[in-house]
Each structure stands twice: as structure tokens, then as C-alpha cells.
Amino acid sequence: MNRISYKKIFSAVGIFLALAFVIMQARAYGDFKIFLEASQLLSRHKDIYNVSLFSAPDVSGLYYYSPLWATILVPFTFISPFIPKFLWLSASVFWLVRSWVLIKRRFDLSMFSEKQKIFFLLISFAMVFRFVLYNFSLIQMTVFILWAVLESLSLFEKKKNIYGSALLALAINIKLLPVVIVPYLVYRRQFIPALFTTVFFVIYLFLPAIFIGISFNDFLLHEWWSVINPAQTTHTIEADKYVHSLTALIPSLFTPTQGDLPITRNILSLSPEAAGMITNVIRFAIIAWTLYFLGVKKNNSRGDLHVLREVSYILMVIPLIFPHQQKYAFYLLLPACAYVTYYMMRVRTLNEKRTKWISCMVLLLFSFLLMTLTTDGLIGRHYNDITQHFKTITWGALLLIVVISLCDPKDILQVVTEK
């Protein structure tokens, strides 16, 4: 049997397993049910924010997404919930694969053997596999968000600014997180994509008014801001064990927040205001560190590795600096994990970088341990609850920032020059 036949068999088996997995997840509960319940309320001209909606019989939550997203889903509220969940999960499989294709294009894999290419793929996804599963089991948004960012940047590079801007603005409208890409575009002097994205975003804000009326749309926009406003008191200190970000980690260290477990975790007992100030200082420091990745020259002559490293860092800090982020948001670390894995595989033979390589490997292993190996499927529910109580995922992401900071693309270029 030749190589092509093997690929066809593996592809067929992969498609079958993906379909079975999607059907299984679509039959279960998930956050998509909250989206559908919000759409039902919207269709009856009722407030969709500041009201508890159920994702399962005993699990409720708030709707944090845009009026446009709820409007788009209204037609799906008249059919079985299985169908929209199945469609969304099926699309998520495509978005996941397409995201990897867009990431992989940035690397020169010609030096890798087939086994090394498979190893590169497996290690990159192993570091975020836990978060991939959360996105599918909870039927969440992050797979779409990452794809939309990567696809829009690819479209901008092809000078397809209208399509790229429309896609990026839609992602920002649905879930505000990718808004950080707009200042990145401005910094890189991609003014037309930044302008078009802003225009499309404004259009999307008021588009639902065609279907639900201007006054009701304005009301929903006001209510939406009331639940996502980062200055809100509820977003300053987040003690819930399921929340992972700086607003969950820093206050737990500097204020006597109890959390869900009777285990002390604070090293100081400061006021909530002081803890909030420390959180903001660290948040702005992480944002400022972005300049290290962007460099001082605002030119567009960077190679694919430089671009990927920049975008990887920006995506990586999203679940850290934004409030109310849960485990599935850390799927955004996939580009960073792929870049670091590629760096480690390429630079391992460079003797003068041996000390740096070992340092990166040690930090990367600790990051992997804190973020991925603490899942309840490996260590059990009790110990998983403890790791969530101490926000190990956030610690792991912070370590990954150190690793990607050390992984300079120039080191890889040095390997190419020596060979």
C-alpha cells in the first residue's frame, strides 16, 4: 500500500472520529444553550443581560456577547438545539484545522523529516489540548476567535482588506477580546485594515436595529457594556475558581479572598483597591512588554517568524489582561506554543545557545505542567480544584511569556546561516 493510500485512510478515520466526537458533544449540554436562550429573550424584546440563563438544568450563567450574535441565532431558536450546536461544532473542527494551516505556513518545515513534522504537530497541540477539549465540551467561541484573527491577518497580507476587516470586526463584535489586534495594525502602519475594521465594527453594533428596532438595540448595547465593562467592581476581584486571569490571580495573592476552597492563598492582606492597583500595574507592564516583540521600527519588512511571534504574544496576553476569562480562553496560546516548539526543535543543535535552550526547556516544562497536566482527567477532581484555587493556569501562561521572550527568531536564522 503506497503512501497516498495511507494518507487517505488516515484522513477518512480522522473525519469519522471528528464526526462522532461532534455528535457526542452536540447531544450534551454546553454554553451554546445560553446563546440560544438569549436569542429567545431577544426575539421577545426582553433584556438578555443581567439575567441568569441555563446551559444545563443546574448550571446557569450570564450572556456576555453582542446583540448582533443573539440576533443571528434567532432563526435557530425555532428548531432543535442539537442542530445549531452540531453546525457550530462542525465549523469549529474546520476552524481548528484551518488555524493550524495558517500557523504552519509561517514556518520553514523543509528541514524537518516526516516524523519531525508529526512530532511538531503533536507537541504544539499537546500544550493546549486541554483547552481545545474545553471549547468543544462547552461549545464555546475561542476556536472561532483564533481562526478569525489568523484568517483576517492572512487576508490583509493578500490586500483583501474588505474581507479581512469584515471578518475581524465580526469577531470583535461577538466577543471583544480580539480588539487588541486593531492597535497592532495601527502600530504596523496598516491603517486601511484598521480603519475598515473600525467601520465594520460600528456597522455591526447598529445592524440588529433593522430587526429589533433602534430603541431596543440601544438599550441592549447599554446593558451589554454594563456586564463587560472591565472597570466594574465584579471584574476587579474574581474569586471564582473557574476564572483564570490577572484579576483572579493577583487579588488572591494580596487580599484575603476565600474562593471556593477553605485554603489560604494570600501572602498579604491589602485592601481591594490596593490589590486592584497592583493588578493594573502588572497588566500594563505585560501590555508594555509587547513593544519588545514589536520592536522600535514600524516597518513591514519582518519575516514570517517575526510576525507570528508578535501575533502569538498579543493573542497570549488576551486571557491574562481581560477579566472573566475561563480555561477555554487559553486555547489562544496555540500560536505561541507552536512558535516555541518550532524554536526549540530548530535551535537545539546550536551549541552557543545551549544554555538558553535548556532554560527555555525547563520553563516550558513547568508551564506545561501548570497549565495542562493539572487537568482533572490526570490528577483527579480534588487536586484539580486545588490547582484552580491557586490559578496554576495563569502562572503557566506567565511562564510561557518568559519562554517566548527568550525565543528570538534571530537564533533560528543563525542556524540557517551556519548550515
Side-chain angles (χ1 to χ4, degrees), residues 11-49 51-101 129 131-151 163 166-167 169-175 177-178 204 207-212 216-217 220 224 326-329 331:
S11 297
V13 171
I15 292 173
F16 173 78
L17 293 176
L19 181 61
F21 178 70
V22 163
I23 292 174
M24 179 179 66
Q25 296 300 329
R27 289 170 60 87
Y29 296 106
D31 290 348
F32 209 89
K33 190 172 184 298
I34 290 179
F35 307 158
L36 294 174
E37 286 200 8
S39 295
Q40 289 177 335
L41 291 177
L42 180 139
S43 65
R44 298 197 297 268
H45 273 61
K46 293 185 177 180
D47 185 12
I48 61 178
Y49 303 102
V51 56
S52 291
L53 303 172
F54 288 89
S55 59
D58 56 345
V59 180
S60 64
L62 297 178
Y63 178 77
Y64 288 98
Y65 303 87
S66 69
L68 176 63
W69 179 235
T71 304
I72 292 173
L73 291 180
V74 166
F76 295 99
T77 62
F78 299 101
I79 58 178
S80 169
F82 172 82
I83 296 177
K85 290 193 291 183
F86 174 80
L87 293 175
W88 183 259
L89 288 169
S90 299
S92 295
V93 173
F94 167 78
W95 292 327
L96 187 150
V97 174
R98 176 62 179 169
S99 295
W100 178 249
V101 170
F129 187 65
F131 311 124
V132 173
L133 291 181
Y134 279 126
N135 273 277
F136 279 88
S137 63
L138 295 176
I139 317 181
Q140 258 294 334
M141 281 281 179
T142 320
V143 176
F144 165 75
I145 296 298
L146 178 59
W147 165 76
V149 170
L150 297 175
E151 193 73 66
Y163 295 112
L167 177 59
L170 179 63
I172 296 172
N173 175 274
I174 292 176
K175 194 166 185 176
L177 303 183
Y204 291 151
L207 190 60
I210 299 175
F211 307 98
I212 63 177
F216 185 52
N217 185 64
L220 290 181
W224 182 33
Q326 299 194 35
K327 291 186 287 288
Y328 48 75
Y331 167 73

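Owing to the predicted nature of the structure, the values given are computational and were not obtained by experimental measurement.
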Can you check whether M141 reaches W88 side chain to side chain, under 4.5 Å on heavy atoms?
yes

Can you name the residues that form a side chain to side chain donor-acceptor pair (under 3.5 Å) with W95, not counting sequence neighbours?
none

Go through the steps to decide whether V22 and F86 satisfy the test side chain to side chain contact (heavy atoms under 4.5 Å, CB included), and finish with yes or no.
CA-CA 6 Å; V22 163; F86 174 80; 3.5 Å; yes

If we only count heavy atoms from C-beta on, is the L36 to P84 side-chain gap below 4.5 Å?
yes

Using only atom types and a distance under 3.5 Å, with no angle test, would you say the side chain of S60 pairs donor to acceptor with the backbone of L53?
no

Residues passing the ring pair (Phe, Tyr, Trp, His ring centres under 6.0 Å) test with Y204, sequence neighbours excluded, are none

Looking at F82, I want to see if its CZ is surrounded by more than 12 non-hydrogen atoms of other residues, nucleotides or ligands under 6.0 Å.
yes

If the condition is side-chain contact (heavy atoms from CB on, under 4.5 Å), which residues does I83 pass it with, not counting sequence neighbours?
I79, L87

Apply the side-chain contact (heavy atoms from CB on, under 4.5 Å) test between L42 and each candidate in D47, L73, L220, T77; give the one that qualifies.
L220

Side-chain donor or acceptor of S66 paired with backbone N/O of N173 under 3.5 Å
yes

By ring pair (Phe, Tyr, Trp, His ring centres under 6.0 Å) - contacts of F129 (at least two apart):
none

Test ring pair (Phe, Tyr, Trp, His ring centres under 6.0 Å) applied to F136 - qualifying residues, sequence neighbours left out:
F21

Does any part of the side chain of Y134, heavy atoms only, come nearer than 4.5 Å to the side chain of Q326, both counted from C-beta?
no

Heavy-atom side-chain contact between W100 and L96 under 4.5 Å:
no

CZ (F216) with more than 12 external heavy atoms under 6.0 Å:
yes

Which value, rounded to the nearest 0.5 Å, describes the distance between L19 atom CG and L89 atom CG?
11.0 Å

d(I72 CD1, L207 CG) to nearest 0.5 Å is 8.0 Å

Does the side chain of L68 come within less than 4.5 Å of L170's, by heavy atoms?
yes

OH on Y63 to CH2 on W224, rounded to 0.5 Å
8.5 Å

Rounded to the nearest 0.5 Å, how far apart are NZ of K85 and CZ of F76?
14.0 Å

Solution key, residues 23-35 side-chain donor-acceptor pairs under 3.5 Å, sequence neighbours excluded:
residue	atom	partner	partner atom	Å
D31	OD2	Q140	NE2	2.9
K33	NZ	E37	OE2	2.8

